[in-house]
Asker: 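Pasting in a structure now, in C-alpha coordinates, and then I'll have a few things to ask.
Chain identifiers are assigned alphabetically (A, B, ...) following the order of the sequence lines, protein sequences preceding nucleic acid strands; residue numbering begins at 1 within each chain.
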Number of protein chains: 2
Amino acid sequence: MTAANGELKKAGLKATLPRIKILEMLEKHSTPRHLSAEDIYKNLLVSGEDIGLATVYRVLTQFETAGLVVRHHFEGGHSVFELNEGEHHDHLVCLKCGKVEEFYDTTIEERQHAMAEKLGFELMDHSLYIYGNCKNFKNCEHFKKKLKAMA
Amino acid sequence: MTAANGELKKAGLKATLPRIKILEMLEKHSTPRHLSAEDIYKNLLVSGEDIGLATVYRVLTQFETAGLVVRHHFEGGHSVFELNEGEHHDHLVCLKCGKVEEFYDTTIEERQHAMAEKLGFELMDHSLYIYGNCKNFKNCEHFKKKLKAMA
DNA sequence: TTGATTGCAAAGAATTTGCACTGGG
DNA sequence: CCCAGTGCAAATTCTTTGCAATCAA
(Lines give C-alpha, C1' and ligand atoms only; values in the text may rest on other atoms or scores of the structure.)
Protein backbone atom coordinates (compact mmCIF):
# COMPACT_ATOMS: atom_id res chain seq x y z
CA MET A 1 0.00 0.00 0.00
CA THR A 2 2.22 2.75 -1.29
CA ALA A 3 1.77 6.44 -0.52
CA ALA A 4 0.95 7.10 -4.16
CA ASN A 5 -2.06 4.88 -3.75
CA GLY A 6 -3.63 7.16 -1.17
CA GLU A 7 -2.78 10.33 -3.03
CA LEU A 8 -4.54 9.06 -6.12
CA LYS A 9 -7.67 8.17 -4.20
CA LYS A 10 -7.64 11.57 -2.56
CA ALA A 11 -7.46 13.13 -6.00
CA GLY A 12 -10.47 11.12 -7.06
CA LEU A 13 -8.58 8.80 -9.36
CA LYS A 14 -8.76 5.05 -9.28
CA ALA A 15 -5.43 3.60 -8.15
CA THR A 16 -4.32 1.73 -11.23
CA LEU A 17 -0.85 0.40 -11.79
CA PRO A 18 0.15 2.90 -14.50
CA ARG A 19 -1.05 5.83 -12.41
CA ILE A 20 0.77 4.60 -9.33
CA LYS A 21 3.99 3.98 -11.21
CA ILE A 22 3.90 7.35 -12.92
CA LEU A 23 3.19 9.19 -9.70
CA GLU A 24 6.00 7.35 -7.93
CA MET A 25 8.33 8.17 -10.80
CA LEU A 26 7.57 11.86 -10.30
CA GLU A 27 8.02 11.62 -6.55
CA LYS A 28 11.23 9.69 -6.84
CA HIS A 29 12.83 12.13 -9.26
CA SER A 30 13.82 14.96 -6.99
CA THR A 31 16.42 16.12 -9.47
CA PRO A 32 15.56 16.88 -12.12
CA ARG A 33 12.03 17.41 -10.90
CA HIS A 34 10.95 18.36 -14.40
CA LEU A 35 10.27 15.46 -16.73
CA SER A 36 8.79 15.18 -20.18
CA ALA A 37 6.25 12.50 -21.07
CA GLU A 38 9.01 10.83 -23.06
CA ASP A 39 11.36 10.91 -20.06
CA ILE A 40 8.80 9.25 -17.88
CA TYR A 41 7.96 6.69 -20.53
CA LYS A 42 11.61 5.74 -20.99
CA ASN A 43 12.30 5.60 -17.28
CA LEU A 44 9.34 3.28 -16.84
CA LEU A 45 10.64 1.01 -19.58
CA VAL A 46 14.02 0.85 -17.89
CA SER A 47 12.29 -0.01 -14.63
CA GLY A 48 10.66 -2.88 -16.43
CA GLU A 49 7.20 -1.37 -16.49
CA ASP A 50 5.17 -1.96 -19.62
CA ILE A 51 3.20 1.27 -19.92
CA GLY A 52 2.36 2.84 -23.25
CA LEU A 53 3.38 6.36 -24.15
CA ALA A 54 -0.24 7.27 -24.85
CA THR A 55 -1.11 6.22 -21.33
CA VAL A 56 1.66 8.37 -19.92
CA TYR A 57 0.20 11.37 -21.72
CA ARG A 58 -3.33 10.53 -20.64
CA VAL A 59 -2.35 10.02 -17.03
CA LEU A 60 -0.29 13.20 -16.90
CA THR A 61 -3.20 15.16 -18.29
CA GLN A 62 -5.45 13.66 -15.64
CA PHE A 63 -2.91 14.50 -12.97
CA GLU A 64 -2.75 18.04 -14.25
CA THR A 65 -6.53 18.36 -14.09
CA ALA A 66 -6.51 16.89 -10.61
CA GLY A 67 -3.83 19.36 -9.57
CA LEU A 68 -1.25 16.68 -8.82
CA VAL A 69 1.23 17.99 -11.37
CA VAL A 70 1.97 21.23 -13.15
CA ARG A 71 2.69 21.34 -16.87
CA HIS A 72 5.29 23.71 -18.29
CA HIS A 73 6.21 24.72 -21.81
CA PHE A 74 9.91 25.44 -21.78
CA GLU A 75 11.67 26.40 -24.99
CA GLY A 76 12.05 23.54 -27.40
CA GLY A 77 8.57 22.34 -28.19
CA HIS A 78 7.74 19.64 -25.70
CA SER A 79 6.01 19.91 -22.35
CA VAL A 80 7.53 19.03 -19.01
CA PHE A 81 5.72 18.05 -15.86
CA GLU A 82 6.60 18.51 -12.23
CA LEU A 83 4.96 17.33 -9.06
CA ASN A 84 2.70 19.98 -7.58
CA GLU A 85 3.99 20.56 -4.07
CA GLY A 86 1.59 23.36 -3.38
CA GLU A 87 3.74 26.46 -3.48
CA HIS A 88 3.90 28.41 -6.72
CA HIS A 89 7.31 29.21 -8.12
CA ASP A 90 8.93 30.33 -11.34
CA HIS A 91 11.79 28.76 -13.27
CA LEU A 92 15.26 29.47 -14.45
CA VAL A 93 16.43 27.13 -17.20
CA CYS A 94 20.03 26.63 -18.32
CA LEU A 95 20.25 26.73 -22.10
CA LYS A 96 23.49 24.79 -22.08
CA CYS A 97 22.72 21.87 -19.83
CA GLY A 98 18.99 21.97 -19.22
CA LYS A 99 19.31 22.40 -15.48
CA VAL A 100 16.21 23.92 -13.94
CA GLU A 101 16.22 26.07 -10.82
CA GLU A 102 13.11 27.22 -9.06
CA PHE A 103 12.61 30.54 -7.38
CA TYR A 104 9.94 32.70 -5.87
CA ASP A 105 10.10 36.44 -5.61
CA THR A 106 7.41 38.33 -3.77
CA THR A 107 8.17 41.56 -5.55
CA ILE A 108 7.75 40.00 -8.98
CA GLU A 109 4.45 38.43 -7.95
CA GLU A 110 3.19 41.75 -6.64
CA ARG A 111 4.21 43.67 -9.71
CA GLN A 112 2.43 41.17 -11.93
CA HIS A 113 -0.78 41.72 -10.06
CA ALA A 114 -0.25 45.45 -10.34
CA MET A 115 0.24 45.18 -14.11
CA ALA A 116 -2.90 43.08 -14.56
CA GLU A 117 -4.82 45.55 -12.45
CA LYS A 118 -3.52 48.52 -14.39
CA LEU A 119 -4.44 46.98 -17.75
CA GLY A 120 -7.89 45.96 -16.61
CA PHE A 121 -7.39 42.22 -16.41
CA GLU A 122 -8.46 39.72 -13.83
CA LEU A 123 -5.27 37.71 -13.32
CA MET A 124 -5.77 33.97 -13.67
CA ASP A 125 -2.32 32.56 -14.15
CA HIS A 126 1.14 33.43 -15.30
CA SER A 127 4.29 31.81 -16.52
CA LEU A 128 7.76 33.23 -16.09
CA TYR A 129 10.75 31.42 -17.48
CA ILE A 130 14.22 32.87 -17.32
CA TYR A 131 16.76 31.37 -19.70
CA GLY A 132 20.48 31.59 -19.16
CA ASN A 133 23.71 29.71 -18.75
CA CYS A 134 24.59 28.37 -15.37
CA LYS A 135 28.07 29.51 -14.42
CA ASN A 136 30.74 26.94 -15.06
CA PHE A 137 28.22 24.77 -16.84
CA LYS A 138 30.94 22.49 -18.19
CA ASN A 139 31.50 21.07 -14.76
CA CYS A 140 27.83 21.01 -13.97
CA GLU A 141 26.48 17.53 -13.36
CA HIS A 142 23.52 18.19 -15.65
CA PHE A 143 25.84 19.05 -18.49
CA LYS A 144 27.82 15.85 -18.03
CA LYS A 145 24.61 13.87 -17.94
CA LYS A 146 23.43 15.59 -21.10
CA LEU A 147 26.65 14.75 -22.90
CA LYS A 148 26.37 11.16 -21.84
CA ALA A 149 22.78 11.01 -23.07
CA MET A 150 23.91 12.20 -26.49
CA ALA A 151 26.57 9.53 -26.84
CA MET B 1 10.08 50.75 -53.63
CA THR B 2 8.33 49.95 -50.40
CA ALA B 3 9.78 50.51 -46.95
CA ALA B 4 9.85 46.75 -46.35
CA ASN B 5 12.26 46.45 -49.23
CA GLY B 6 14.90 48.54 -47.50
CA GLU B 7 14.40 46.88 -44.14
CA LEU B 8 14.99 43.47 -45.65
CA LYS B 9 18.20 44.57 -47.32
CA LYS B 10 19.38 46.12 -44.10
CA ALA B 11 18.73 42.80 -42.38
CA GLY B 12 20.85 41.04 -44.97
CA LEU B 13 17.93 39.36 -46.70
CA LYS B 14 17.21 39.45 -50.39
CA ALA B 15 14.04 41.43 -51.05
CA THR B 16 11.80 38.77 -52.51
CA LEU B 17 8.09 39.09 -52.98
CA PRO B 18 7.09 36.67 -50.20
CA ARG B 19 9.40 38.33 -47.71
CA ILE B 20 8.17 41.79 -48.63
CA LYS B 21 4.53 40.78 -48.37
CA ILE B 22 4.99 39.02 -45.06
CA LEU B 23 6.88 41.94 -43.57
CA GLU B 24 4.24 44.37 -44.79
CA MET B 25 1.55 42.16 -43.32
CA LEU B 26 3.24 42.38 -39.93
CA GLU B 27 3.69 46.13 -40.22
CA LYS B 28 0.14 46.70 -41.33
CA HIS B 29 -1.39 44.71 -38.48
CA SER B 30 -1.09 47.09 -35.59
CA THR B 31 -3.87 45.31 -33.73
CA PRO B 32 -3.54 42.52 -33.09
CA ARG B 33 0.21 42.81 -33.46
CA HIS B 34 0.60 39.12 -32.66
CA LEU B 35 -0.03 36.78 -35.56
CA SER B 36 0.46 33.05 -36.04
CA ALA B 37 1.99 31.61 -39.19
CA GLU B 38 -1.47 30.41 -40.10
CA ASP B 39 -2.95 33.89 -39.60
CA ILE B 40 -0.38 35.40 -41.90
CA TYR B 41 -0.85 32.66 -44.47
CA LYS B 42 -4.61 33.16 -44.53
CA ASN B 43 -4.38 36.92 -44.64
CA LEU B 44 -2.05 36.66 -47.60
CA LEU B 45 -4.46 34.36 -49.40
CA VAL B 46 -7.26 36.83 -48.84
CA SER B 47 -5.04 39.58 -50.20
CA GLY B 48 -4.65 37.52 -53.32
CA GLU B 49 -1.03 36.55 -52.66
CA ASP B 50 -0.04 33.02 -53.59
CA ILE B 51 2.50 32.19 -50.90
CA GLY B 52 2.87 28.72 -49.41
CA LEU B 53 2.49 28.03 -45.71
CA ALA B 54 5.94 26.44 -45.63
CA THR B 55 7.38 29.63 -47.00
CA VAL B 56 5.63 31.65 -44.33
CA TYR B 57 7.25 29.50 -41.68
CA ARG B 58 10.65 29.69 -43.36
CA VAL B 59 10.49 33.42 -43.76
CA LEU B 60 9.32 34.00 -40.20
CA THR B 61 12.18 31.90 -38.89
CA GLN B 62 14.60 33.94 -41.00
CA PHE B 63 13.05 37.13 -39.70
CA GLU B 64 13.44 35.89 -36.17
CA THR B 65 17.10 35.07 -36.73
CA ALA B 66 17.60 38.47 -38.31
CA GLY B 67 15.92 40.10 -35.35
CA LEU B 68 13.05 41.54 -37.37
CA VAL B 69 10.41 39.65 -35.43
CA VAL B 70 10.02 38.06 -32.02
CA ARG B 71 8.45 34.64 -31.59
CA HIS B 72 6.23 33.85 -28.63
CA HIS B 73 4.75 30.65 -27.29
CA PHE B 74 1.46 31.57 -25.74
CA GLU B 75 -0.76 28.89 -24.26
CA GLY B 76 -2.42 26.71 -26.85
CA GLY B 77 0.34 25.10 -28.85
CA HIS B 78 1.14 27.36 -31.76
CA SER B 79 3.63 30.19 -32.00
CA VAL B 80 2.80 33.81 -32.65
CA PHE B 81 5.06 36.44 -34.14
CA GLU B 82 5.25 40.17 -33.63
CA LEU B 83 7.30 42.84 -35.29
CA ASN B 84 10.42 43.66 -33.30
CA GLU B 85 10.21 47.36 -32.60
CA GLY B 86 13.32 47.38 -30.47
CA GLU B 87 12.03 47.74 -26.94
CA HIS B 88 11.54 44.59 -24.89
CA HIS B 89 8.20 44.04 -23.23
CA ASP B 90 6.16 41.30 -21.62
CA HIS B 91 2.62 40.17 -22.40
CA LEU B 92 -0.75 39.87 -20.81
CA VAL B 93 -3.10 37.56 -22.70
CA CYS B 94 -6.86 37.37 -22.26
CA LEU B 95 -7.98 33.76 -21.99
CA LYS B 96 -11.48 34.63 -23.06
CA CYS B 97 -10.94 36.71 -26.17
CA GLY B 98 -7.26 36.37 -27.02
CA LYS B 99 -6.55 40.06 -26.66
CA VAL B 100 -2.88 40.74 -25.98
CA GLU B 101 -1.60 43.71 -24.02
CA GLU B 102 2.04 44.62 -23.72
CA PHE B 103 3.73 46.04 -20.67
CA TYR B 104 7.14 46.78 -19.29
CA ASP B 105 7.98 46.96 -15.63
CA THR B 106 11.41 48.02 -14.52
CA THR B 107 11.06 46.40 -11.14
CA ILE B 108 10.23 43.01 -12.64
CA GLU B 109 13.18 43.25 -15.00
CA GLU B 110 15.52 44.11 -12.14
CA ARG B 111 14.27 41.33 -9.93
CA GLN B 112 14.78 38.82 -12.70
CA HIS B 113 18.38 39.83 -13.03
CA ALA B 114 18.74 39.57 -9.28
CA MET B 115 17.28 36.05 -9.29
CA ALA B 116 19.60 34.90 -12.08
CA GLU B 117 22.53 36.40 -10.23
CA LYS B 118 21.57 34.77 -6.98
CA LEU B 119 21.24 31.34 -8.55
CA GLY B 120 24.51 31.62 -10.43
CA PHE B 121 23.15 32.03 -13.95
CA GLU B 122 24.15 34.35 -16.73
CA LEU B 123 20.81 35.68 -17.91
CA MET B 124 20.27 35.32 -21.65
CA ASP B 125 16.57 35.74 -22.13
CA HIS B 126 13.25 35.44 -20.40
CA SER B 127 9.60 35.10 -21.17
CA LEU B 128 6.81 36.32 -18.95
CA TYR B 129 3.21 35.77 -19.91
CA ILE B 130 0.36 36.75 -17.66
CA TYR B 131 -2.98 35.11 -18.41
CA GLY B 132 -6.28 36.53 -17.32
CA ASN B 133 -9.67 37.76 -18.38
CA CYS B 134 -10.01 41.30 -19.56
CA LYS B 135 -12.75 43.03 -17.64
CA ASN B 136 -16.00 43.19 -19.46
CA PHE B 137 -14.60 40.90 -22.14
CA LYS B 138 -18.04 40.34 -23.64
CA ASN B 139 -18.06 43.85 -24.99
CA CYS B 140 -14.44 43.69 -25.97
CA GLU B 141 -13.88 44.03 -29.71
CA HIS B 142 -11.51 41.06 -29.68
CA PHE B 143 -14.19 38.88 -28.19
CA LYS B 144 -16.70 39.89 -30.84
CA LYS B 145 -14.16 39.22 -33.52
CA LYS B 146 -13.43 35.83 -32.04
CA LEU B 147 -17.11 34.92 -31.99
CA LYS B 148 -17.46 35.97 -35.57
CA ALA B 149 -14.44 33.87 -36.55
CA MET B 150 -16.07 30.83 -34.96
CA ALA B 151 -19.28 31.23 -36.87
C1' DT C 1 -19.54 -8.09 -12.78
C1' DT C 2 -18.85 -3.86 -15.17
C1' DG C 3 -17.70 0.51 -16.20
C1' DA C 4 -13.14 2.71 -15.99
C1' DT C 5 -8.60 2.27 -17.85
C1' DT C 6 -4.98 0.58 -21.09
C1' DG C 7 -2.23 -0.54 -25.22
C1' DC C 8 -1.66 -0.21 -29.71
C1' DA C 9 -1.99 1.78 -33.91
C1' DA C 10 -3.80 5.33 -36.40
C1' DA C 11 -5.06 10.19 -36.52
C1' DG C 12 -3.98 15.09 -35.71
C1' DA C 13 -1.85 19.59 -35.34
C1' DA C 14 2.11 22.40 -35.93
C1' DT C 15 6.25 22.85 -38.09
C1' DT C 16 10.22 21.35 -41.06
C1' DT C 17 12.51 19.42 -45.02
C1' DG C 18 13.66 17.44 -49.91
C1' DC C 19 13.66 18.66 -54.37
C1' DA C 20 12.65 20.50 -58.90
C1' DC C 21 11.37 24.98 -60.49
C1' DT C 22 11.54 30.20 -60.50
C1' DG C 23 13.05 34.83 -60.01
C1' DG C 24 16.03 38.58 -58.10
C1' DG C 25 20.40 40.88 -58.60
C1' DC D 1 23.00 33.80 -65.91
C1' DC D 2 22.94 31.38 -61.41
C1' DC D 3 22.24 30.50 -56.96
C1' DA D 4 19.16 31.85 -53.28
C1' DG D 5 14.47 31.40 -52.57
C1' DT D 6 9.98 29.18 -53.32
C1' DG D 7 5.94 25.84 -53.72
C1' DC D 8 4.36 21.56 -52.97
C1' DA D 9 4.09 17.30 -50.88
C1' DA D 10 6.13 14.27 -47.89
C1' DA D 11 8.40 13.80 -43.46
C1' DT D 12 8.95 14.89 -38.41
C1' DT D 13 7.74 15.75 -33.79
C1' DC D 14 4.77 15.89 -30.07
C1' DT D 15 0.36 14.70 -28.50
C1' DT D 16 -4.42 12.89 -28.77
C1' DT D 17 -8.00 9.47 -30.02
C1' DG D 18 -10.69 5.12 -31.41
C1' DC D 19 -11.41 0.74 -30.09
C1' DA D 20 -10.96 -3.94 -28.38
C1' DA D 21 -8.88 -6.11 -24.48
C1' DT D 22 -8.02 -5.82 -19.40
C1' DC D 23 -8.33 -4.54 -14.63
C1' DA D 24 -9.76 -2.41 -10.15
C1' DA D 25 -13.53 -2.04 -6.98
Side-chain angles (χ1 to χ4, degrees), chain A residues 1-2 4-25 34-45 47-66 68-81 98, chain B residues 1-2 4-25 34-42 44-45 47-66 68-81:
Chain A
M1 195 53 46
T2 136
N5 200 313
E7 293 168 48
L8 286 170
K9 297 252 178 67
K10 203 185 306 173
L13 295 168
K14 194 188 284 186
T16 65
L17 200 85
R19 299 216 262 236
I20 292 170
K21 291 302 176 187
I22 291 170
L23 185 50
E24 287 179 346
M25 176 70 43
H34 304 75
L35 303 173
S36 68
E38 192 79 29
D39 290 336
I40 293 173
Y41 172 65
K42 283 184 186 157
N43 286 338
L44 288 170
L45 279 189
S47 309
E49 302 297 337
D50 190 22
I51 299 176
L53 179 55
T55 299
V56 173
Y57 275 107
R58 257 183 308 225
V59 168
L60 286 171
T61 302
Q62 293 158 355
F63 282 5
E64 185 189 15
T65 304
L68 289 175
V69 305
V70 179
R71 182 195 301 248
H72 295 287
H73 305 278
F74 292 161
E75 281 192 351
H78 60 306
S79 302
V80 296
F81 301 82
Chain B
M1 195 52 48
T2 137
N5 199 311
E7 292 167 50
L8 286 170
K9 297 251 179 66
K10 203 186 307 174
L13 295 168
K14 194 189 282 185
T16 65
L17 200 85
R19 299 216 262 237
I20 292 170
K21 292 301 177 188
I22 292 171
L23 186 50
E24 287 179 346
M25 175 70 45
H34 305 77
L35 302 172
S36 67
E38 193 79 27
D39 290 336
I40 293 173
Y41 173 65
K42 283 183 186 156
L44 288 170
L45 279 188
S47 309
E49 302 297 337
D50 189 21
I51 297 176
L53 179 55
T55 299
V56 173
Y57 274 108
R58 257 184 308 227
V59 167
L60 285 171
T61 302
Q62 292 157 356
F63 282 6
E64 186 189 14
T65 304
L68 289 174
V69 306
V70 180
R71 182 194 303 247
H72 295 288
H73 305 278
F74 292 161
E75 281 191 352
H78 60 305
S79 303
V80 296
F81 300 82

Asker: Just call it for A:Arg19: base, sugar-phosphate, or nothing, with non-hydrogen atoms closer than 4.0 Å on any strand.
Answerer: sugar-phosphate
Asker: Within the structure shown, what part of the strands sits under 4.0 Å from B:Ala37 by heavy-atom distance: base, sugar-phosphate, or nothing?
Answerer: nothing
Asker: Hey, are the side chains of A:Glu49 and A:Leu17 touching, using non-hydrogen atoms and a 4.5 Å cut-off?
Answerer: yes
Asker: Between C:dG25, C:dT5, D:dC14, which nucleotide gets closest to the side-chain atoms of A:Thr16?
Answerer: C:dT5
Asker: Please report the distance, rounded to the nearest Å, between NZ in A:Lys9 and P in D:dA24.
Answerer: 11 Å
Asker: Do A:Phe63 and A:Ile22 make a side-chain contact, defined as non-hydrogen atoms from C-beta onward lying under 4.5 Å apart?
Answerer: yes
Asker: Please give, in whole Å, the distance from C:dG7 C1' to A:Leu17 CG?
Answerer: 14 Å
Asker: Can you check whether B:Leu44 reaches B:Lys21 side chain to side chain, under 4.5 Å on heavy atoms?
Answerer: yes
Asker: So if I take every side-chain heavy atom of A:Arg58 and compare against C:dT16, D:dC14, D:dC19, which nucleotide ends up nearest?
Answerer: D:dC19
Asker: Can you pull out how bent the helix from C:dT1-D:dA25 to C:dG25-D:dC1 is, comparing the axes over its first five and last five pairs, to 10°?
Answerer: 30°
Asker: Starting at atom CG of A:Leu53, determine the distance to atom C1' of D:dT17, rounded to an integer number of angstrom.
Answerer: 13 Å
Asker: Find out whether B:Leu23 and B:Glu7 are in side-chain contact, i.e. whether some heavy atom of one side chain is under 4.5 Å from a heavy atom of the other.
Answerer: yes
Asker: Using side-chain heavy atoms (C-beta onward) and a distance below 4.5 Å, is B:His78 in contact with B:His73?
Answerer: no
Asker: Name the residue closer to the 5' end of DNA chain C, choosing between B:Ser36 and B:Lys14 according to the nucleotide with the nearest heavy atom.
Answerer: B:Ser36
Asker: Could you check which of C:dT17, D:dA4, D:dT6 has an atom nearest any side-chain atom of B:Ala54?
Answerer: C:dT17
Asker: Taking C-beta and beyond as the side chain, do B:Leu35 and B:Phe81 meet within less than 4.5 Å on heavy atoms?
Answerer: no
Asker: Let me know the distance between CG of A:Leu8 and P of C:dT5, rounded to the nearest Å.
Answerer: 11 Å
Asker: Which of these nucleotides, C:dG25, C:dT16, C:dA9, is closest to any side-chain atom of B:Ala15?
Answerer: C:dG25
Asker: Is B:Ser79 touching bases, backbone alone, or none of the nucleic acid, heavy atoms closer than 4.0 Å?
Answerer: sugar-phosphate
Asker: To the nearest Å, how far apart are B:Leu13 CG and D:dT6 C1'?
Answerer: 15 Å
Asker: Kindly say if B:Tyr57 contacts the phosphate of C:dT15, meaning a side-chain N or O under 4.0 Å from OP1 or OP2.
Answerer: yes
Asker: What's the CD-P distance between A:Gln62 and D:dT16, to the nearest Å?
Answerer: 11 Å
Asker: Would a 4.5 Å heavy-atom cut-off, applied to side chains only, mark B:Val59 and B:Gln62 as touching?
Answerer: yes
Asker: Would you indicate what A:Ile51 reaches in the nucleic acid, counting non-hydrogen atoms under 4.0 angstrom: base, sugar-phosphate, or nothing?
Answerer: sugar-phosphate
Asker: What is the distance, to the nearest angstrom, from the CG atom on B:Asp39 to the C1' atom on C:dT15?
Answerer: 15 Å
Asker: Please pick, from D:dG7, C:dG23, C:dG7, the nucleotide with the shortest atom-to-atom distance to any side-chain atom of B:Thr55.
Answerer: D:dG7
Asker: What is the distance, rounded to the nearest whole Å, between atom OH of A:Tyr41 and atom P of C:dT6?
Answerer: 15 Å
Asker: Roughly how far, to the nearest 0.5 Å, is the CG atom of B:Leu13 from the CZ atom of B:Arg19?
Answerer: 4.5 Å
